[in-house]
2 protein chains.
Amino acid sequence: MVGVSPALVSMVLNGKAAQYRIGEEVARRVVKTANEMHYAPNLVAKNLRSGKTQLVGLIVTDISNPFYSAIARIVEDRASELNYTVLISSTDENLKNTERLVDVLLNKGVEGLILVPCDGSMKLIQRLYDSHFPTVLLDRYFPDIDLSSSCLDNYKATELATEHLLGQGYKNIALIAYNTEMHHILDRISGYEDTMKNAGLSAYVHVRKVNILNPKPDIREALEELIHSEHVDAIMFLTNMLATNGLYCLNEMNVKIPDDVAVVGFNGNDAFHLFYSPITYIRQPIEQIAKGSIDILIKSIKKSNYKSKLFLEPELVIQQSSQRHP
Amino acid sequence: MVGVSPALVSMVLNGKAAQYRIGEEVARRVVKTANEMHYAPNLVAKNLRSGKTQLVGLIVTDISNPFYSAIARIVEDRASELNYTVLISSTDENLKNTERLVDVLLNKGVEGLILVPCDGSMKLIQRLYDSHFPTVLLDRYFPDIDLSSSCLDNYKATELATEHLLGQGYKNIALIAYNTEMHHILDRISGYEDTMKNAGLSAYVHVRKVNILNPKPDIREALEELIHSEHVDAIMFLTNMLATNGLYCLNEMNVKIPDDVAVVGFNGNDAFHLFYSPITYIRQPIEQIAKGSIDILIKSIKKSNYKSKLFLEPELVIQQSSQRHP
DNA sequence: CCTCCAAGCTAAATCGTTTTAGCTGATGGA
DNA sequence: TCCATCAGCTAAAACGATTTAGCTTGGAGG
């Protein structure tokens with residue numbers, strides 16, 4: 001339409017008019033015409049030529065889980081600011097799915113991955129590490145693999161919560177955890193165990209591990225035993241899902257909170273606040289975790305060998321469920 | 001590596017060996033070598049060549065809202081089965097954002113859009129309709145625009161709930177709605193109003209509209225008035241967010257449910273179930289809405305002029321909060 | 001008057017596929 | 001013996017952009 005070659009148009013529209021000594025008058029006509037016809041470059045062609053896709057992958061266990069959807073929202077917003085598009089997938093805590101999704105996303109040309117690794121994914125993560133593909137672990141990490149990560153300081157989280165319960169006069173404190181080898185859970189367990197031991201309460205350490213995929217029956221069983229046989233006076237749940245399921249069970253068992261037993265949960269939600277005895281919980285700095293992960297990822301993409309590990313500060317939101325005399 | 005032309009490799013790997021009369025022996029060698037070298041075609045090049053991106057856009061108001069993240073999960077799974085990738089964005093109920101995101105996604109080459117339109121987006125939707133770009137409205141629709149949609153039967157939803165409350169002996173029933181012109185809300189209001197009128201209770205129709213972006217103060221004010229001045233005996237909330245905020249207010253006001261007032265919410269969540277008086281709510285068939293939207297979209301992409309409007313059945317989950325004598 | 005240089009532009013290659021047209025050699029029929 | 005046919009393959013164009021090398025023109029300098 002302007003009567004010049006595509007090459008010239010490309011140069012002008014990419015702001016390289018000066019660099020290529022394009023005549024001012026011609027450059028102006030090109031820009032004007034481009035605007036008038038609402039020209040938008042074909043990104044696919046651009047990507048093919050440049051080898052860049054401006055795509056990143058976000059693999060979580062389940063995007064319908066509010067924790068991960070909150071993360072996704074922030075990652076997406078930040079990525080968009082940085083001119084990247086996010087592809088989101090869910091693994092359902094399944095290793096085969098995770099492996100498949102990594103392959104699928106790589107094939108789609110993502111330039112980096114934010115990944116919530118599931119149980120048993122150590123080998124996959126090691127492969128990713130060996131390949132030097134820009135990758136950031138989110139929420140969960142492997143202490144033996146030197147990969148970037150953005151996680152909660154899990155040890156401190158349960159340390160904080162246990163100290164709070166001890167401070168309230170609770171001694172016989174139980175923990176409901178997943179049956180897993182994932183380190184974020186192991187750290188949370190250690191934070192609790194160490195704090196109990198340091199307080200001279202080793203005898204009162206109770207850790208119950210439940211099936212991650214169908215936790216409710218295991219939780220019920222554990223709670224029955226802990227309350228009726230072990231006579232615990234406080235229960236800490238290591239994840240939001242465990243806490244929520246636990247509250248259903250405690251209601252069914254007609255256990256009163258905090259009179260019969262104190263409760264501490266993980267990751268607040270409306271159910272915790274609206275509960276008849278609002279639930280004390282460990283708050284993760286979701287914003288920082290999410291933003292940290294995408295910022296690290298983009299840096300890794302732009303500068304190979306960039307690496308960073310974030311362990312972010314938990315916060316204890318103290319409500320009625322953990323206070324002896326509210 | 002096999003010593004044949006790229007063309008032949010392409011034919012074989014796309015399963016067109018027979019069609020192009022490729023020798024069996026050669027075809028076998030190509031497949032074998034492709035596997036051995038872990039060949040995966042470059043999707044960007046494929047897309048450029050074919051003009052297809054296998055991308056669809058999903059524009060919701062907020063992906064961190066559990067309703068929409070549940071939708072996103074299902075859409076994503078179904079799209080993946082159909083060999084499409086979903087690009088998700090959030091508008092925050094803002095028209096300018098919506099317009100921008102539509103442009104961004106179109107520029108990224110999505111072949112279709114699933115869209116939750118916000119207040120005031122009628123013109124945008126009309127443009128989309130006029131352009132014949134494959135588009136499906138989700139959750140909300142425009143009766144005057146003949147665009148595909150996948151929504152709840154909103155009228156029936158509140159009709160069902162109002163009838164239930166009337167059946168329980170409640171008469172002075174109030175409604176908390178958004179201050180909006182969006183038809184899904186207007187339909188919900190009509191379902192309530194008509195049912196009240198048909199029962200001869202026009203005098204007891206109370207509709208309060210609150211600000212969609214900062215509803216809590218408005219809700220508090222409305223509730224104070226409805227309960228203390230109008231002496232309503234039941235309150236229906238038109239969305240999950242309204243109901244959740246409403247419960248916070250009712251707790252603050254020390255109103256007992258259902259003794260002082262009955263409550264019906266929208267879209268169940270753990271908070272409703274764990275509430276001291278579990279909340280009766282209208283359940284949307286999320287799975288059907290989500291699956292419906294993506295299935296319609298893909299059909300529209302494959303067959304231009306395909307159109308379909310779904311109005312899916314609500315279900316009332318009756319719990320303690322709406323029963324006079326539980 | 002010729003040479004040289006710079007300014008301002010274009011042609012062509014390239015990215016990795018797919019598809020169309022066409023080439024080659026063997027076979028069969030007349 | 002010669003042509004037609006067909007199986008089995010390849011060359012080349014195309015998708016839409018970017019980039020490199022190179023072309024033309026006019027003016028300055030010798």
Side-chain angles (χ1 to χ4, degrees), chain A residues 1-55 83-85 103-111 133 301-302, chain B residues 1-55 83-85 103-111 133 301-302:
Chain A
M1 290 178 60
V2 185
V4 298
S5 70
L8 188 147
V9 173
S10 170
M11 293 162 182
V12 171
L13 294 184
N14 286 292
K16 301 186 178 166
Q19 176 186 336
Y20 287 111
R21 313 175 293 203
I22 311 293
E24 285 196 22
E25 142 76 9
V26 175
R28 227 174 304 126
R29 286 219 318 279
V30 167
V31 171
K32 182 155 167 281
T33 309
N35 287 334
E36 280 171 8
M37 68 188 289
H38 293 111
Y39 171 81
N42 178 318
L43 292 185
V44 176
K46 233 175 159 130
N47 290 341
L48 177 59
R49 175 63 222 230
S50 68
K52 312 272 166 178
T53 55
Q54 301 294 119
L55 245 39
N83 229 323
Y84 281 81
T85 302
D103 282 350
V104 166
L105 288 179
L106 289 183
N107 184 233
K108 283 183 180 152
V110 296
E111 296 177 34
F133 186 78
I301 290 174
K302 301 211 161 148
Chain B
M1 292 179 60
V2 186
V4 297
S5 71
L8 188 148
V9 173
S10 170
M11 293 161 181
V12 170
L13 296 184
N14 285 294
K16 303 186 178 167
Q19 176 186 337
Y20 287 111
R21 311 172 298 205
I22 310 294
E24 286 195 21
E25 142 75 9
V26 175
R28 229 174 302 126
R29 286 218 319 278
V30 168
V31 171
K32 183 154 165 283
T33 309
N35 287 335
E36 281 172 8
M37 67 188 289
H38 293 112
Y39 170 81
N42 179 318
L43 291 185
V44 176
K46 238 178 154 125
N47 290 342
L48 177 60
R49 174 64 222 227
S50 66
K52 314 270 167 180
T53 56
Q54 301 294 121
L55 244 39
N83 229 322
Y84 280 80
T85 302
D103 281 350
V104 167
L105 289 179
L106 289 183
N107 184 233
K108 282 183 181 153
V110 296
E111 296 176 36
F133 186 78
I301 291 174
K302 301 210 162 149

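Owing to the predicted nature of the structure, the values given are computational and were not obtained by experimental measurement. Chain A is the first sequence line, chain B the second, and so forth, proteins listed ahead of strands; every chain is numbered from 1.
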Quiz item: How far apart are the closest heavy atoms of B/Pro41 and A/Asn107, and which atoms are they?
Solution: O-ND2, 3.4 Å
Exercise. For residues 41-50 of chain B, pull every pair meeting side-chain hydrogen bond (donor to acceptor under 3.5 Å, both in side chains), keeping only residues two or more places apart or in separate chains.
Key: none
Quiz item: Sequence neighbours excluded, which residues qualify as side-chain contact (heavy atoms from CB on, under 4.5 Å) partners of A/Asp103?
Solution: none
Quiz item: What are the bounds, 5' to 3', of the part of DNA chain C that sits under 4.0 Å from heavy atoms of chain B?
Solution: C/dG16 to C/dT20
Please list, one pair per line, the donor and acceptor atoms closer than 3.5 Å that link side chains of residues 7-20 of chain B to other protein atoms, with sequence neighbours excluded.
{"unit_1": "B/Ser10", "atom_1": "OG", "unit_2": "B/Asn14", "atom_2": "ND2", "d": "3.4"}
{"unit_1": "B/Asn14", "atom_1": "ND2", "unit_2": "B/Ser10", "atom_2": "O", "d": "2.7"}

Quiz item: To the nearest 10 degrees, what angle separates the axes at the start and end of the helix from C/dC1-D/dG30 to C/dA30-D/dT1, five pairs each?
Solution: 80°
Quiz item: Which part of the nucleic acid does A/Gly109 contact within heavy-atom distance under 4.0 Å: base, sugar-phosphate only, or nothing?
Solution: nothing
Quiz prompt | Set of residues satisfying side chain to side chain donor-acceptor pair (under 3.5 Å) with respect to B/Lys108, sequence neighbours excluded | solution = A/Thr85
Practice problem: Can you sort out which residues in residues 14-36 of chain A have a heavy atom within less than 4.0 Å of DNA chain D? Ascending by number, please. | Solution: A/Asn14, A/Lys16, A/Tyr20
Quiz item: Can you list, by residue number, the residues of residues 40-55 of chain B that have a non-hydrogen atom closer than 4.0 angstrom to DNA chain D?
Solution: B/Leu48, B/Arg49
Self-check item: Any donor-acceptor N/O pair, B/Gln54 side chain to B/Tyr84 backbone, under 3.5 Å
Solution: no
Please set out all donor-acceptor pairs under 3.5 angstrom arising from side-chain atoms of residues 27-39 of chain A, sequence neighbours excluded.
{"unit_1": "A/Arg29", "atom_1": "NH1", "unit_2": "A/Glu25", "atom_2": "OE2", "d": "2.9"}
{"unit_1": "A/Arg29", "atom_1": "NH2", "unit_2": "A/Val2", "atom_2": "O", "d": "3.4"}
{"unit_1": "A/Lys32", "atom_1": "NZ", "unit_2": "A/Glu36", "atom_2": "OE2", "d": "3.4"}
{"unit_1": "A/Thr33", "atom_1": "OG1", "unit_2": "A/Arg29", "atom_2": "O", "d": "2.7"}
{"unit_1": "A/Asn35", "atom_1": "ND2", "unit_2": "A/Val31", "atom_2": "O", "d": "3.4"}

